[in-house]
Amino acid sequence: MAAEILSVSRRQFIGGILAILVAAGLLRTLWLRADPPTTSVGIVWHDEGAWVHNARNLALWGESRTDNWNPVYIAPVFTALEYGSFSLFGVGTWQARMVPVLSGLAAVCLLIAGLHAIAGRGAALVGGTLLATNYMFIMWNRAALMESTMTAFLVAGWAAYAMSDRRPLWGVVAGVCAVLAFFTKAAAAFFVAALVLDALATLVRSRDRRRAAGLTLVGLAAAGLVAAVVFVLPEWSEYYRYNWLTAVERKPSYAVRDLLDRASWLPVAQDAFSRMWLILVAATLGLSVIVARWRIARPAERLLVLWVLVGLLELTVHDSGNARRYVMFIPALIALAALVVAAERPRLPFDLAASLARRRWLALPLILFLGYLVFGSLLRLVFQDDAEAGRFALTVRLATASAVAFAGLLLWQWSATVRWLAARRGPVWVMPAFLVVSIGWNGALYVQWASARTDLNYEASVEVGRQLEPGTLVHGKLANGLSLENRIRPVFVGNGFGNYEDRLRRDDVRYILTYVLPAVGYESQEGSGLIQGILDQYPNRRVVASFDVQETPARDRAELIHKAPSGIDRARD
């Protein structure tokens, strides 16, 4: 391991960790009931109530399933943790958000532990600081959604895999954490695949680390078997329906053109990479260094590379247009950046400069891809208005041209560039400057949000409780979103799932909650006609109350509607 720029004593290390955790805790818990930001990070606040639905049911009514929307089959680990929070502290907004808050703090601690194991104290403090203050990660850590908890288990699995170098039994923990991540949210399947790939390769090629790799696979297999026996097989029909029919088959198209579109959207459809562009550049360099040293790189270093590359492949196959898909990359990119920023040099091997032309051409696809990510993320900032309007063509073309030009220049000046990177010592000022810029940028975004924050969604949920008696049935996805500060019984209606089949016949559900601004049924996202179709069944409906809420940068409003105030008067088919 190369010497570090930052020399840290044990006492300074402990003090640094404490300072990082205090800052991380404050940023995640101040104004915890406040509305999430309406731009960029992609949090859909009314999804919170929908995803904690079963945990809330169990805490309030003693039974987890009260209707046909049961996300416990998608996210059993998240549901269990939310139920634990509700059992300890009661049902409410901040109680629901404490699970992701603690998940975010755990991710910071675990990233520090993993970086300390493979790169020393300096890299650990740099990585912990960057993750603790990352604006997008902070905001997702404040939302009662699965992404933070899943990501925390990913970091736990990676950190345990890093520590298994010295104590192979940590490999068992790594495997178990990967399975827990998957059963928090199935999007973590890419990490399971990445961990299996590296563990198998280590088993075959490395005598010194063979035991750790074997124990990692044992942990994966054992945890997977327990999950299958205890949860999956007994509930197979529901598990299959929610995790395959609803989550996979009904969503993306897998035609070649669609796959190409999703691949080209990776750096431009969302601004996750743009808002952490400096980290992305450093992470790209770190990833390239590890690939260049692949045979001698540590397993945890290789797993970081696979975390990013296999994860991006999963997004290409499934969904690269949704902001929540990018949360899981933040710790991996920060870890890769910390390995570069906190070291004297990128540690490129000198013999790479004299590598055969064939090896350089083999590296070309990776160079083009990483170049496209870097240039695409930067150009998205330049053409932000186009990106927000869903116009990506110009950005994609310019990013592609930039990546091709960069790759050509690098291949032309390969030897000189590699020698310069391999021999040059990192300037002492790079690391503190990197931290100052990153913390300043993310801090400014946080201050901007905090200074304009509102509590509209929380206040609306409280008001719903004033309007309706405990146990009142209320139709619509927004009923779930506004259920955390009251005791209504929401009846979730999704587009083709949940309580969709009988949505037009539920006369026993006398109320419905829905957006009216920016549009009626806006919460369904896949089509406002879903909610409007229910409303059309009740021509004598009456608005009981209106609430200001916050989802978009514009003015948003929701209404509580009594379907038929003088008795059921449903429109005839």
Side-chain angles (χ1 to χ4, degrees), residues 44-93 95-97 99 144-146 183-184 231 234-243 245-247 460-462 464-514 523-524 530-531 534 537 544 558 560-563 568:
V44 179
W45 71 269
H46 55 252
D47 280 352
E48 291 181 304
W51 287 109
V52 304
H53 181 59
N54 291 118
R56 177 184 180 274
N57 287 344
L58 191 58
L60 291 179
W61 320 115
E63 54 180 331
S64 64
R65 292 184 286 181
T66 60
D67 65 342
N68 288 324
W69 168 243
N70 295 293
V72 65
Y73 295 112
I74 301 176
V77 173
F78 179 73
T79 300
L81 292 173
E82 287 289 348
Y83 172 67
S85 180
F86 291 155
S87 297
L88 288 172
F89 307 116
V91 174
T93 302
Q95 295 93 322
R97 292 176 178 178
V99 172
L145 299 167
M146 298 100 69
F183 283 98
T184 301
F231 179 70
E235 304 286 350
W236 174 249
S237 65
E238 294 287 356
Y239 182 83
Y240 175 75
R241 180 163 69 92
Y242 276 93
N243 288 274
L245 297 180
T246 299
S461 185
V462 171
V464 168
R466 295 194 185 106
Q467 296 286 337
L468 300 176
E469 294 292 327
T472 302
L473 293 172
V474 186
H475 237 157
K477 182 179 180 180
L478 197 59
N480 292 84
L482 289 173
S483 68
L484 289 175
E485 295 296 330
N486 52 65
R487 299 298 181 266
I488 65 171
R489 285 184 181 255
V491 179
F492 181 97
V493 182
N495 196 0
F497 62 98
N499 300 276
Y500 176 81
E501 296 297 332
D502 62 355
R503 70 194 185 283
L504 303 180
R505 303 187 301 274
R506 290 298 300 268
D507 294 341
D508 59 318
V509 185
R510 305 297 295 271
Y511 296 89
I512 186 168
L513 264 167
T514 182
E523 65 274 16
S524 70
L530 178 66
I531 297 299
I534 298 175
Q537 296 295 305
V544 175
L560 174 64
I561 299 170
H562 195 306
K563 291 180 179 177
I568 294 301

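Position 1 is the first residue of the sequence; numbering continues from there.
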Side chain to side chain donor-acceptor pair (under 3.5 Å) filter on Glu485, not counting sequence neighbours, yields Thr93

Just how far is it from atom CZ of Arg505 to atom CG of Asn499, taken to the nearest 0.5 Å?
11.5 Å

Could I get the full list of side chain to side chain donor-acceptor pair (under 3.5 Å) partners for Thr79, not counting sequence neighbours?
none

Here the gap from Thr184 atom OG1 to Leu81 atom CG, rounded to the nearest 0.5 Å, amounts to 7.0 Å

Restricting to side chain to side chain donor-acceptor pair (under 3.5 Å), what partner residues turn up for Arg487, sequence neighbours left out?
none

Evaluate the side-chain proximity of Asn54 to Arg65: yes if any heavy-atom separation is below 4.5 Å, no if none is.
yes

Less than 4.5 Å apart, any side-chain heavy atom of Asn70 and any of Ser64?
no

Would you mind listing every salt bridge (charged side-chain N to carboxylate O under 4.0 Å, His left out) that reaches into residues 48-62, with sequence neighbours excluded?
Glu48-Arg97

Hits for ring pair (Phe, Tyr, Trp, His ring centres under 6.0 Å) against Phe86, two or more places apart or cross-chain, chain-then-number order -> none

Would you please test Trp69 and Val493 for side chain to side chain contact (heavy atoms under 4.5 Å, CB included) and show each step?
CA-CA 8 Å; Trp69 168 243; Val493 182; over 6 Å; no

List the residues meeting ring pair (Phe, Tyr, Trp, His ring centres under 6.0 Å) with Tyr73, not counting sequence neighbours, and say none if there are none.
Tyr242

Salt bridge (charged side-chain N to carboxylate O under 4.0 Å, His left out) partners of residues 494-504, not counting sequence neighbours, each pair once
Asp502-Arg506

Which side-chain N or O atoms in residues 467-475 pair as donor and acceptor under 3.5 Å with protein atoms at least two apart or in another chain?
{"unit_1": "Gln467", "atom_1": "NE2", "unit_2": "Glu463", "atom_2": "OE2", "d": "3.0"}
{"unit_1": "Thr472", "atom_1": "OG1", "unit_2": "Glu469", "atom_2": "N", "d": "3.4"}
{"unit_1": "Thr472", "atom_1": "OG1", "unit_2": "Glu469", "atom_2": "O", "d": "2.6"}
{"unit_1": "His475", "atom_1": "ND1", "unit_2": "Lys563", "atom_2": "NZ", "d": "2.9"}

How about Ile534 and Leu504: do any of their side-chain heavy atoms sit closer than 4.5 Å?
yes

Who are the salt bridge (charged side-chain N to carboxylate O under 4.0 Å, His left out) partners of Arg241, not counting sequence neighbours?
Glu238

Exactly one of Asp67, Val509, Asn480 clears side-chain contact (heavy atoms from CB on, under 4.5 Å) with Pro490, and that residue is Asn480

Could you work out, with ring pair (Phe, Tyr, Trp, His ring centres under 6.0 Å) as the rule, every residue matching Tyr511, not counting sequence neighbours?
His562

Once you round to the nearest 0.5 Å, how far does CZ of Arg466 lie from CG of Asn486?
11.0 Å

With the side chain counted from C-beta on, respond yes when Glu523 and Ile531 share a heavy-atom pair under 4.5 Å apart, and no when they do not.
yes

Give the minimum heavy-atom separation between Val91 and Ala59, together with the two atoms involved.
CG2-CB, 3.9 Å

Taking only residues two or more places apart in sequence or in another chain, which ones pass ring pair (Phe, Tyr, Trp, His ring centres under 6.0 Å) with Trp236?
Tyr240

Sequence neighbours excluded, the answer for side chain to side chain donor-acceptor pair (under 3.5 Å) partners of Asn57 is His53, Thr66

Rounded to the nearest 0.5 Å, how far does CG of Leu530 lie from OH of Tyr500?
6.5 Å

Closest heavy-atom pair and its distance - Ala96, Ala144
O-CB, 3.6 Å

Looking at every heavy atom in both Ser461 and Leu484, which two are closest together, and how far apart are they?
OG-N, 3.6 Å

Mind checking the CZ-CG spacing from Phe78 to Leu145? Nearest 0.5 Å is all I need.
6.5 Å

Minimal non-hydrogen separation, Gly481 against Trp45, with atom names
O-CZ3, 3.4 Å

Minimal non-hydrogen separation, Ser483 against Gly49, with atom names
OG-CA, 4.5 Å

Closest contact, heavy atoms only, Leu478 versus Ala558:
CD2-CB, 3.6 Å

